[in-house]
Amino acid sequence: MKNFKKVLAVVLAVLMVGAVFAACSAKTADNDGSDLAYIKDKGVMVIGITEYEPMNYKDANGEWTGFDTEFALAVCEKLGVKAEFQVVDWDNKHLELNAKSVDCIWNGMTLTPEVLAAMDCTDPYAMNAQVVVMAADKAANYSTVESLADLTFAVESGSAGEEVLTEAGLGDKATAVAAQSDALMEVASGSVDACVIDITMANAMTGEGTSYANLGVAVELNSEQYGIGFRKGSDAVAVVNATIQEMKADGTLQALAEKYGITLA
């Protein structure tokens, strides 16, 4: 009986040492300062998105597709990790990132001063603009910012479009919605006169042959660039930048841009 107790004590001691070692190892890995190592250790890059055609949207089978979707899948494959897409509240995207609910924001994100202050971002990869979308038969009557003064708008909360409207002195005429696609629906329903969305979405979703055939672009408000946002201090940025350059050099990214009607930066 004594021998059994001694053996049991030894086994328990070994198990406890192993548990402590594992915990310490996990803690070291979590705190070594490498965001890239954290992502690779998981084997998954969780990508924060909203549903936004042509960047990230569901196909007929309910699967994510689009320019940013295919782009992210290709980059993750090169990094040796899986891509997992998670819808986020765009207004709180930086909070999701810092809480590690997601590892990056990759969804036609405009590189605004606010975004650059909250995240470490990649080099620009695509061009964009904020545009006013309204009934196509009225669009020709609104060609300047000044001409928009009497209109009401819908705009995605926390978006570059919301920022541009505020800068133009039209923020008090805007209703904030959860997504750019919701802003389009508000215009189509007649609850507002117009919306401000990315030109990439406007080109893909308005005009003849689209879901919003009676809507069109009235005026372009600015010029922007898209980038991918990571946590502050993330070493994943440099690696993703290098991968983007590889995809530009071999023509992969240009082919993808042509497929979805995107202009590369």
Side-chain angles (χ1 to χ4, degrees), residues 50-57 66-68 90 107-116 121 123-228 254 256-265:
T50 61
E51 189 161 359
Y52 163 20
E53 189 175 350
M55 309 311 278
N56 304 88
Y57 61 100
F67 176 81
D68 273 343
W90 198 248
N107 181 233
M109 182 176 68
T110 301
L111 296 174
T112 64
E114 181 184 18
V115 164
L116 292 171
C121 297
D123 298 332
Y125 65 85
M127 301 303 297
N128 183 50
Q130 293 302 314
V131 295
V132 176
V133 171
M134 61 175 63
D137 59 358
K138 297 179 180 178
N141 299 325
Y142 299 91
S143 58
T144 65
V145 173
E146 290 73 25
S147 66
L148 305 173
D150 295 328
L151 300 180
T152 56
F153 300 89
V155 65
E156 181 183 48
S157 180
S159 68
E162 185 177 54
E163 187 175 320
V164 168
L165 270 182
T166 300
E167 290 173 354
L170 299 170
D172 60 339
K173 295 180 175 293
T175 299
V177 295
Q180 292 192 64
S181 53
D182 293 336
L184 276 175
M185 286 192 286
E186 293 292 330
V187 180
S189 71
S191 64
V192 295
D193 299 314
C195 66
V196 176
I197 62 173
D198 290 13
I199 196 170
T200 48
M201 175 178 275
N203 288 341
M205 296 187 67
T206 66
E208 188 176 350
T210 71
S211 301
Y212 297 97
N214 296 326
L215 300 184
V217 174
V219 59
E220 195 169 304
L221 298 176
N222 69 353
S223 179
E224 302 174 344
Q225 294 178 316
Y226 286 156
I228 306 156
Q254 182 58 43
L256 201 56
E258 290 172 3
K259 177 179 178 180
Y260 288 101
I262 303 298
T263 301
L264 295 182

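What you find for Pro54 and Ala204 is that their closest heavy atoms are CD-CB, 3.8 Å. Residues Ser143 and Val219 approach most closely at O-CG2, 3.4 Å, considering heavy atoms. Heavy-atom minimum distance, Gly161 versus Gln130: CA-OE1, 3.2 Å. Scanning all heavy atoms of the two residues, the minimum distance from Glu163 to Pro113 falls at OE2-CD, 4.1 Å. Across all non-hydrogen atoms, the minimal contact from Leu151 to Asp193 is CA-OD2, 3.4 Å. Considering all non-hydrogen atoms of both residues, Val131 and Ala202 come closest at CG2-CB, 3.8 Å.
Shown here is Asp150, whose CG atom has no more than 12 heavy atoms of other residues, nucleotides or ligands within 6.0 Å. For Glu114, the CD atom is loosely surrounded, since the number of other residues' heavy atoms within 6.0 Å does not exceed 12.
Distance check, rounded to the nearest 0.5 Å: SG of Cys195 to CD of Glu156 gives 11.0 Å. The structure places OG of Ser157 at 12.0 Å from CH2 of Trp90, a figure rounded to the nearest 0.5 Å. With values rounded to the nearest 0.5 angstrom, Met55 atom CE is found 8.0 Å from Asn128 atom CG. With rounding to the nearest 0.5 angstrom, the CD1 atom of Ile262 is 9.0 Å from the CG atom of Leu256. Interatomic distance, Glu224 CD to Asp198 CG, rounded to the nearest 0.5 Å: 6.0 Å. Rounded to the nearest 0.5 Å, atoms CD (Glu258) and OG1 (Thr263) are 10.5 Å apart.
Residues meeting the salt bridge (Lys or Arg N to Asp or Glu O under 4.0 Å) test with Lys259, sequence neighbours left out: Glu70. The ring-ring contact (aromatic ring centres under 6.0 Å, His included) check on Phe67 picks up Phe71, with sequence neighbours excluded.
By the 4.5 Å heavy-atom criterion applied to side chains, Phe153 and Leu148 are counted as neighbours. You'll find the side chain of Met109 reaches within 4.5 Å of the side chain of Cys121, heavy atoms only. Between Leu184 and Met201, some side-chain heavy-atom pair lies under the 4.5 Å cut-off. Within the 4.5 Å cutoff, the side chain of Thr50 has no heavy atoms near those of the Asn56 side chain. You'll find the side chain of Thr152 stays beyond 4.5 Å of the side chain of Thr175, heavy atoms only. When side chains are defined from C-beta on, Met127 counts as touching Gln225, because their heavy atoms get closer than 4.5 Å.
For the side-chain hydrogen bond (donor to acceptor under 3.5 Å, both in side chains) test with Tyr226, the passing option among Thr110, Thr200, Asp68, Asn107 is Thr200; the others fail.
A donor-acceptor pair under 3.5 Å is formed between the side chain of Ser191 and the backbone N or O of Glu186. The closest donor-acceptor contact from the side chain of Glu220 to the backbone of Ala129 lies at 3.5 Å or more, if one exists at all.
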